[in-house]
Structure formats: C-alpha cells, structure tokens
*Asks:* 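Sharing a structure with you now.
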Amino acid sequence: MSGIQLAELMAFTAVAEHLSFTKAAHQVGIALPTMSQTIRSLEERLGVRLFNRTTRSVALTEAGERLLGEIQPVIAGLDHALESVNLFRDKPIGTLRLAVSRPSSMRRLAPLLRPFLAEYPAIRLDIAVDDTHGDIVGGRFDAGIRVGQRVERDMTALRLGDDFRMMVVAAPSYLAHHPKPAVPRDLLNHNCLRYRAPWEGAIQPWIFCKGRQKKEVSVEGSLTVNDIELLVAAALDGVGIAYLPEPLAAPHVAQGRFVALLDDWCGGTMPGVFLYYPSRRQMPVPLKVFIEFIKKCRKRGIEREERMKASTSTVLAGTRTNDAIGTLTSVNKAEPSARAVPSPLQPTS
C-alpha cells in the first residue's frame, strides 16, 4: 500500500465517520478542497462511488459502507501498533485530543496546560470546547472533561475537582434598585437570569436546601442563555440575579463585584469535574501520561490544602494563646492596685 493510498483511506474514514467533508478536513488537518480531491481520487482508483453528496448532506453508498466496515479494524490496528512502539521512547510523542465543556472544566484544565506541555514537549494537545456533550468516541477524541453527572456510565472517570454548590448572586448595581430576597420565594419578584443547558435544551432548576427543607423555585426573567460566560457577564452588568457554580461566582464575591444572596439557604450541590475516557485494552500513550500528570498535580494540590489548613489552625491556636496571655497580664497588672487598698482589720497610721 503506497503512502497516497493510506492517506486516501484515512480521509475516507474521516468523512464516513463525520458524514461531513468540512469536519473530516478539520480532523485530518487538510484544506477542504484537498479533502474533496482526495475522495474523488480514491473513488476513481476503486471505480465506484463511495458517497452520495448534495449541497446539504453526505451519505455513504452501499459500497462505501462495505469499505468502511472492512477498513476501520485495519486502521485501528495500525493505531495500536504505533502506540505500542511509543512505549519504547524516552519521551512520549503523539497528539492528545480532548473534548472539553466549559467553563468549570476549562478553569480546571487551563492551569495544567503550560506545565504539562513543558514536561512532555513532544506531545501535542488538540482541544475542542464542546458544550453539547457529544460522543467522544464518534468524534475520535481520546478523552473528555465535563461535570460528573454528565459522564456516561461505560466510561472510566478520573476526578479533577471536588463537588461544588450553586450560589445566588447579584451585582451591587442591581441591588441598588431592588431589595435583597430574604427567602427563595422572594426570587419570584426579581428578574432572574436563566441558563439553558446546551446538551439537552432544558432550563436549569434553582434548588435550595435548609436543614430538611428542599425547595425548587421556577424563576422568571428577561434573559435566558445557553452560554455560562454570557450569563456571568450579564449578572455582573446588573441585568438580574444569577444562579451560578461557586467556583465561578466566589472570586467575584471576594472582589465585591457580586453580592451573595440567601446565605442561610444552601444552593444545590453539583458533582465535581471529571476527565473521562473509554475503557479499552490499550490506552494511547499521550492519554496515559496525561492521566498520571493529573493524578500527580491533584495529589500536590490536596497536600498544599492540608498544609494551609494546618497553618491556619496553628495561627488560630497562637491567637487564642496570645489572647489568654493578654487577659492574664491584664489581671496581674490590676492585682497590685487591689492589694494597696487597706484592710478594715489593719490599724491605720
């Protein structure tokens, strides 16, 4: 099999899997006209039409379906063979393709990029931001990153971040003209910014807990979006009240750009962010080293948090000790004055 024939078969497989010349060209890394010419050359070489094309759709012919069924195992075998050779390298090489939902996943992933690429310079990262929670296998991704509740059960998952709660927040500019809600039902009298999940189209519920009480409020408002970053921007601009993940809202609260509301009511708890990937016999080496890198970073993060907690406890203990010493000192200073008062039983001069 010559090099050009292998390239043609790889191009054919990409188009067949995506049923799109544009997406296939992006995956393979060639221009769209080049992809079209490659498929035409393959069809001419084989003497059969592999795709039925219109301006709006691409579909496999019967011959195309037969070729795809025969060639997919061969290409998978080639991938596995190349990965097995990668194990003998001093430094892993290859491309790691990740499908990442935003924004929590991006906030977890972004800090890892520079140190990972510095440690493994021969690995290339190909990251696609995808809020639709598409099929990573069908999209030919090695792994995905998203909130845990959206990870398929047949996937292997690795935790990147702890569970988090939802917060109700508003900008000071909004609260300057509207009273703060005291209980969840007060939200019905406010302009609430709603989030529509891109992967299913449903409006996110606003859930609250307090002791054994649990309430879900069907809020209303003038703005509904399916992009969380746009939701944050609108809330910061004072458009209305938002129900946001704590990792997104807390930094703005700390800097005074948001005011936390309904503090005595706990927002719903969401599962943390996870890296997930298909369970398979032979894992691509770039994914393998990325997983080990994440485990190492997470362990360091946990150890750092424990040291910070221990340091905080020491400082608090020292403060309590200093307060106690200060109290005793004050008492001791007062005692001589008390002893200077003459006793009524002592003779006076």
Side-chain angles (χ1 to χ4, degrees), residues 17-18 23 26-27 95-117 123-167 193-207 224-233 242-251 267-280 283-284 286-299 301-302:
E17 290 177 344
H18 289 288
K23 292 181 179 179
H26 175 73
Q27 176 188 310
T95 299
L96 176 61
R97 301 192 69 236
L98 300 174
V100 183
S101 64
R102 57 183 172 182
S104 299
S105 299
M106 290 302 293
R107 291 175 183 271
R108 291 288 178 180
L109 177 63
L112 301 176
L113 299 182
R114 185 186 61 79
F116 176 76
L117 292 173
I123 291 180
R124 294 185 177 184
L125 291 177
D126 185 351
I127 299 172
V129 178
D130 176 24
D131 284 336
T132 63
H133 292 182
D135 177 18
I136 62 171
V137 176
R140 298 182 66 84
F141 290 100
D142 298 300
I145 298 178
R146 67 173 66 151
V147 174
Q149 68 175 3
R150 298 296 172 185
V151 175
E152 291 81 357
R153 293 183 179 181
D154 59 345
M155 293 285 172
T156 300
L158 172 66
R159 180 180 287 276
L160 296 183
D162 296 331
D163 296 350
F164 57 88
R165 71 184 183 97
M166 302 296 292
M167 295 181 65
L193 311 181
R194 303 190 301 171
Y195 177 69
R196 185 186 302 278
W199 56 87
E200 62 184 4
I203 300 294
Q204 180 185 48
W206 291 37
I207 299 173
T224 300
V225 300
N226 69 348
D227 182 274
I228 196 73
E229 297 289 356
L230 178 58
L231 184 68
V232 172
Y243 186 74
L244 297 172
E246 185 174 17
L248 274 182
T269 300
M270 303 290 287
V273 176
F274 288 80
L275 172 80
Y276 66 100
Y277 50 93
S279 301
R280 49 186 163 186
M283 182 184 298
L287 176 58
K288 182 178 181 180
V289 297
F290 186 65
I291 290 172
E292 294 303 320
F293 181 82
I294 287 176
K295 290 179 179 178
K296 181 171 61 177
C297 290
R298 181 160 172 76
K299 182 180 179 181
I302 293 173

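Source: prediction; values computed, not measured.
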*Asks:* Any side-chain heavy-atom pair from M166 and Q204 closer than 4.5 angstrom?
*Replies:*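 Sidechains of Q204 and M166: in contact.
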
*Asks:* Under the salt bridge (charged side-chain N to carboxylate O under 4.0 Å, His left out) test, which residues partner R165, sequence neighbours left out?
*Replies:*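 Counting only residues at least two positions away or on another chain, R165 forms a salt bridge (charged side-chain N to carboxylate O under 4.0 Å, His left out) with E246.
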
*Asks:* For T224, what residues pass the side chain to side chain donor-acceptor pair (under 3.5 Å) criterion, not counting sequence neighbours?
*Replies:*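 Testing T224 for side chain to side chain donor-acceptor pair (under 3.5 Å), a comparison that skips the adjacent residues, returns R194.
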
*Asks:* Who passes side chain to side chain donor-acceptor pair (under 3.5 Å) against R159, sequence neighbours left out?
*Replies:*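 D163.
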
*Asks:* Give me the atom names and distance for the closest heavy-atom approach of P271 to V147.
*Replies:*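 So the two residues come closest at O-CG1, 3.2 Å.
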
*Asks:* Mind checking whether L193 and V225 have side chains closer than 4.5 Å, heavy atoms only?
*Replies:*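 Sidechains of V225 and L193: no contact.
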
*Asks:* Taking side chain as C-beta onward, heavy atoms only, is I228 less than 4.5 Å from L244?
*Replies:*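 Heavy-atom side-chain distance check passes, below 4.5 Å.
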
*Asks:* Report the distance from atom CZ of F290 to atom CD1 of I123, rounding to the nearest 0.5 Å.
*Replies:*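 Between F290 CZ and I123 CD1, I get 9.5 Å after rounding to 0.5 Å.
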
*Asks:* Give me the atom names and distance for the closest heavy-atom approach of P245 to F164.
*Replies:*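 Smallest interatomic distance, heavy atoms only, reads CB-CE1, 3.6 Å.
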
*Asks:* Rounded to the nearest 0.5 Å, what separates atom CE in M270 from atom CG in D162?
*Replies:*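 Those atoms lie 15.0 Å apart.
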
*Asks:* Got a donor-acceptor contact below 3.5 angstrom from the S101 side chain to the V129 backbone?
*Replies:*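 Pair absent, no side-chain N/O of S101 close to backbone of V129.
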
*Asks:* Could I get the full list of side chain to side chain donor-acceptor pair (under 3.5 Å) partners for N226, not counting sequence neighbours?
*Replies:*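 With neighbours one apart ignored, the set is empty.
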
*Asks:* Check ring-ring contact (aromatic ring centres under 6.0 Å, His included) between Y243 and all other residues, then give those that pass, not counting sequence neighbours.
*Replies:*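 ring-ring contact (aromatic ring centres under 6.0 Å, His included) list for Y243, sorted by chain: W206, F208.
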
*Asks:* Does the side chain of V289 come within less than 4.5 Å of F116's, by heavy atoms?
*Replies:*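 The answer is yes, as the side chains (C-beta and beyond) meet within the 4.5 Å cut-off.
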
*Asks:* What residues, two or more places apart in sequence or in another chain, satisfy salt bridge (charged side-chain N to carboxylate O under 4.0 Å, His left out) together with R124?
*Replies:*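 Salt bridge (charged side-chain N to carboxylate O under 4.0 Å, His left out) list for R124, sorted by chain: empty.
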
*Asks:* How close do D142 and L287 get, counting heavy atoms only, and between which atoms?
*Replies:*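 So the two residues come closest at O-CD2, 3.6 Å.
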
